[in-house]
Amino acid sequence: MMAVIPATWDMYDLIQGVLQAPWYHMVFEVALVLLIMKIYYSQSFSPDKTVLTEKEKETLVAEWVPEPLAPEVPDDHPILVGMDKYCIEGQNGKYVKVNGKSCINLATFNFLSMVGRKEIEDVALQALKVYGVGSCGPRGFYGTMDVHIQLEEDLAKFMVCEEAILYSYGFATIASAIPAYSKRGDIIYVDENVGFAVQKGLTASRSNIRWFRHNDMEHLEQLLIEQSRLDKKNPKKAKVTRRFIVVEGLYLNSGDICPLPKLVELKWKYKVRIFLEETMSFGVLGATGRGVTEHFEISPDHIDLISCSLENAFGSTGGFCCGKKFIIDHQRLSGLGYCFSASQPPMLASAAIQALKILQDKPHMLVDLRENSEKFHEKLKGIPDIAVVGDPISPIKHLVLAEPAGDPGLDIRTLEMVVDTAMNESVALTVARYLEPEEHLPKGPSIRLSVNCELTQDEITRSVEVIQRSFQTVLQKLRTRSPEVSSPLESVQQDKKSEVASR
Amino acid sequence: MAAGRGNTSGESMKNGLMEPVGGSKHRNGHTNGKHKNGLNGKNGRHEKHSEWQDDFHESFEETPLLVAILTYLGYALLVVIGQIRDLMRAYGIEKDKSCTEPKLEGFVPLFLSWESFYTRNLYRRVRDCWNRPVASCAGVRLDVMERTSPDFGWNFQLTGKKLDVMNFGSYNYLGFAESSGPCASAVHGVIQKYGVGVCASRQEMGYMDIHKELDELVAEYLGVEAAMTVPMGFATNSLNMPALVSKGSLILSDELNHASLILGSRLTGAVIRTFKHNDMTDLERKLRDAVCHGQPRTHRPWKKILIVVEGVYSMEGSIVRLPEVVRLKQKYKAYIYLDEAHSVGAMGPHGRGVVDYFGLDPSSIDILMGTFTKSFGSAGGYIGGSKRLINHLKVHAHSFIYSSAMSPPVAQQVISSMRIIMGKDGTQEGMRRIRQLAWNTRYFRKRLHDRGYIIYGNKDSPVVPLLLYMPSKVAMFSRETLRRGMATVVVGFPATPLIETRARFCLSASHTKEMLDKALKIIDDVGDMLRLRYSSLPSPDFSEKGIQLIE
């Protein structure tokens, strides 16, 4: 019945209903409304409601002591010290200069080595001459430059999608996209290992979240079956509850790839939409860099929304979503980070246009990147005392201790020492940082390695040697330096003390 | 105190009763159709603060009743026609040109038909007034690319023609959106030295010397102990607020706060209560209630109370009654989060925002937030405050851990323009721009008041809203001013209350007197055509004469 009559009949029905109602019905309704208003405005009766006198209130105000705005963070907090110690001088490219020393950069997501490319700099300089730096307004209010439109068109064409929408910041892209579609009452199935931006998008959407174990399709299917059982009990509710699966293409937190073919199969079987977060896989996976869809040779038509960042492989700033026009266009009025933020500086849009051109001109960069990633993987696997987490072709690798001490804080300190040692030997690494209490799941301590496509065989061999040596030195030191100390924690503390003393 | 409070609340109730049908709620309690000084027009209660109140001049003239009725009728007509056309589309009498969702068997539709009713039937008719593509720097003039729509707003085509128009739409307050000059040449050097990308978060090898320089300069500029910077203004709010308050805390938020503050507040997990726009009586009542009654149900005391306000409200042109907020904050031991997105650079004798405007000590504000998008002609945002606060944010803010650090050329633009504003370049250029903007603001606002338009906001706010009311006039105003060589922004529902649609002019230090006069002439032409002179009040008595310009 509902399928035949369009939604606009609701209005017509309503008017007809009013016209045809008998007079006593109207009188009754009006009386009812008046009664409700009377009840609403009359004072409610609550016997134990305490009424404070002004004096009591003054006392309460005087007595109240709020918590301090921010807890005390000492100036020598390891993170603050670490940031200052490794403050980069000049360009953050394949090599970085830290403390006057040039290091091989294995820390930043500069996969395609776009930072520092002359062609991109030239384009940015040209854009500077035309547009200046800032756009001085949101897209709606004279902040839409021709380069933004061009970049959106280029990206849509490249991703073989109908439309793309550009955001001025990578984090804001997926965090704005999810709440634009999924509202209160809708259901989102999410991989437990998704990144922080996705988690924030989920919170903002206020939908019901169902977490499934990382890359565990059986668990996901189980959840979907459970839901379809519930749906049968309450078909009315099921008819208006939107369902989404949110996964990452290449997981930043573990360096592995989502099983997309299986996800697509589940999508059609259980009628769930897929949102794919490709911040890490865009410009990395697939023969031409289109990401995980191309990697599995699946048509992007099966995916409802793809969200990517221009901040990693493309070396610019910003992000974009792409997909069918009817889906993407909705964000132009509903994507918070799109509507209410100044648009991307035009210069950075030009840089991204150029980066895309370079990628299309030189697809062998992707082959190099894959080969380098595999080489690294192979070599790192040979290092004793550590385990390599991640897919061999992933340019992101997590190095974890094979025998963790059990205390994450302690392990992080060990890894920080490894980073320090490697830095002394001109290899820049970083410990993966998380806000543990805010993350959905605790993340294990790791050193996160990013592979650059331009690294030579020699550089790879050298850096793996340095990594191996650093691990050896640090672990050796922890084991042997103070043999009478049984707990590694104390040995680290001793270590710290001696460091302080030597300063 | 009690008597005073009773008095004002009585007055605001009276105001409430006298509101016209169409009056929006937030007008309550402060102006009721007068150009008003100070708080609720009451004298003698805040002797200490009388200085700022004497000079505090805000205008929110009430909507004329007839106009309100006509506006509602206008919308009603649009809704009826929209319903009829939806019906016609449903039966295929009218061709559906919108991009509709294809029906997928078994899937729950992504969008509900009635949700897009407004977009489809009302917004679509006036879509050409927004998102106009620009082919130049958004400076004092800009090249708008001409568009035509063959199908009444469903689709657009570029004609290839460019219209060179005066820019009264961009937030270019100090005129630093320039593609040449000292800032651009400094940025040029930085692109050559650093490139454009960073590819890492600050805690993970993305912290560069230029970021350090920027942070230190911002702290010095604001007069605070320390500062930190984020590459996106919107994200400065939404990614840092969760590090400040959490569950068990209370956020008292002005009802007209920006979307990023609302999102940020929501992500904190704290309880959010709103108070009437810029209404200090309401704020005090809510603060007092909060401290006395504690958390709902458990009645445990709140962990902290955060008052979230903006410096200049970009849709209203009003300025926060900051001295009063500071007084309340001290009395009730709350914290202030001040978003200076539209006021930093644009307000105050030294361009340091509303804190500077009211001559307050920056340390009396706990969290000073602002953006670089507007006055500095760049992108991104900052938070300034005590060293303790910034240290905490550097370690715990989402933006430092999970998102990319600021692009070096963008940072350099801020450094260069900020140094000019501070006079560190050895010239008076910064001071000249600040004074020019202040002069332009008073001059332009006063002339508009003189001409009988209804203008909202503070006499010193560079955002100047001119009330249009009717939906049809919105589109006409925007198109006609553009045709005559002036780019303006028009805003309607849902960004404003339904009947208070308005045009908004953003003044800039780059506007010359000739440009302002020309703009006034254009507004007059269009205003006469559309009969926009609604004001029935005498023009307020302020002028630009007190401001000394630097040649």
Side-chain angles (χ1 to χ4, degrees), chain A residues 6-8 11 52 54 57 60-61 64 66-67 69-70 73 77 79 83 87-89 91-92 107-110 115-116 121 124-125 129 131-137 140-142 144-146 168-169 171-172 196 203 242 271 311 315-317 325-326 336-337 340-342 345 351 430 433 435, chain B residues 2 83 86-87 90 99 101 106-108 113 130-131 133-135 137-138 169-172 177-179 191 194-200 203-205 207-209 232 234-235 259 263 267 291-292 301 303-304 333 335 366 373 377-379 388-389 391-392 395 401-404 407 410 413 489:
Chain A
T8 40
M11 192 75 171
L52 298 169
E54 283 305 315
K57 282 187 185 173
L60 281 170
V61 169
W64 182 55
E67 280 182 11
L69 180 60
V73 174
H77 188 284
I79 287 181
M83 272 196 319
C87 182
I88 296 161
E89 302 151 40
Q91 199 166 74
N92 201 350
T108 65
F109 306 126
N110 188 15
V115 177
E121 283 171 17
L125 288 173
K129 276 187 202 130
Y131 306 99
V133 178
S135 58
C136 279
F141 305 156
Y142 305 100
T144 303
M145 311 298 171
D146 44 2
S168 58
Y169 199 34
F171 193 102
F196 200 70
T203 315
R242 282 165 281 215
K271 318 291 181 199
E311 285 163 14
S316 179
T317 302
K325 187 172 163 52
F326 78 91
L336 282 181
F340 294 100
S341 156
T430 181
R433 301 286 181 192
L435 254 181
Chain B
Q83 288 283 358
D86 267 5
L87 210 68
C99 174
E101 185 177 355
F107 279 83
V108 177
S113 165
W130 291 274
N131 300 306
V134 171
C137 174
S170 295
Y171 310 127
N172 179 21
E178 294 165 320
S179 51
I191 294 176
Y194 291 85
V196 294
V198 181
C199 298
Q203 288 193 10
E204 295 164 337
M205 284 296 284
Y207 185 47
M208 300 163 82
D209 46 4
M232 182 195 192
F234 185 94
L263 179 66
L267 291 177
V291 178
C292 293
K303 285 184 186 163
K304 349 176 185 177
K333 292 171 239 166
Y335 302 106
D366 303 279
T373 323
S378 186
R388 180 176 169 146
L389 169 77
N391 272 357
H392 168 69
V395 176
I401 306 173
Y402 296 105
S403 60
S404 181
S407 167
V410 173
Q413 168 75 17
V489 164

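Nothing here was measured: the structure is a model prediction, and the numbers come from that model. Residue numbering restarts at 1 for every chain, and letters A, B, ... go by the order of the sequence lines. Any value given below was found using the heavy atoms of this structure, including those in side chains, with hydrogens, waters and symmetry copies removed.
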If you count heavy-atom pairs within less than 4.5 Å of chain A, which of A379(B), G169(B), P301(B), A259(B) leads? A259(B)
Rounded at 0.5 Å granularity, tell me how far CG in L435(A) sits from CD1 in I401(B). 3.5 Å
How long is the gap from CG on N92(A) to OG on S407(B), to the nearest 0.5 Å? 11.5 Å
Is it the backbone or the side chain of Y335(B) that comes under 4.5 Å from a heavy atom of chain A, or both, or neither? side chain
Atom pair NE2 (H77(A)) and NE2 (H392(B)), whose distance is rounded to the nearest 0.5 Å: 10.5 Å
Report which part of V73(A) has an atom under 4.5 Å of a heavy atom belonging to chain B: side chain, backbone, both, or neither. both
Among T203(A), T144(A), T430(A), which has the most heavy-atom pairs under 4.5 Å with chain B? T144(A)
Please work out which of the three classes, parallel, tilted or perpendicular, describes the rings of F196(A) and Y402(B), given edges at 30° and 60°. parallel
If I measure from the heavy atoms of chain A, does E101(B) come under 4.5 Å with its side chain, its backbone, both, or neither? both
Answer yes if the side chains of S179(B) and Y131(A) hold a donor-acceptor pair under 3.5 Å, and no otherwise. no
Would you compute the distance between atom CG of L389(B) and atom CG of L69(A) and round it to the nearest 0.5 angstrom? 5.5 Å
T317(A) portion near chain B, given a 4.5 angstrom heavy-atom threshold: side chain
Partner residues of E67(A) under the salt bridge (charged side-chain N to carboxylate O under 4.0 Å, His left out) criterion, sequence neighbours left out: none
Between the CH2 atom in W130(B) and the CZ atom in F141(A), the distance rounded to the nearest 0.5 Å is 8.0 Å
Proximal component of I191(B), with respect to chain A [non-hydrogen, under 4.5 Å]: both
What distance do C137(B) atom SG and K129(A) atom NZ have between them, rounded to the nearest 0.5 Å? 14.5 Å
Salt bridge (charged side-chain N to carboxylate O under 4.0 Å, His left out) partners of E121(A), counting only residues at least two apart: none
Heavy-atom distance under 4.5 Å to chain B: side chain of A172(A), backbone, both or neither? side chain
Could you give me the CA-CA distance, side-chain angles and deciding distance for V489(B) and Y142(A), then say whether side chain to side chain contact (heavy atoms under 4.5 Å, CB included) is met? CA-CA 8 Å; V489(B) 164; Y142(A) 305 100; 3.9 Å; yes
Identify which part of A135(B) has an atom lying under 4.5 Å from any heavy atom of chain A, answering side chain, backbone, both or neither. both
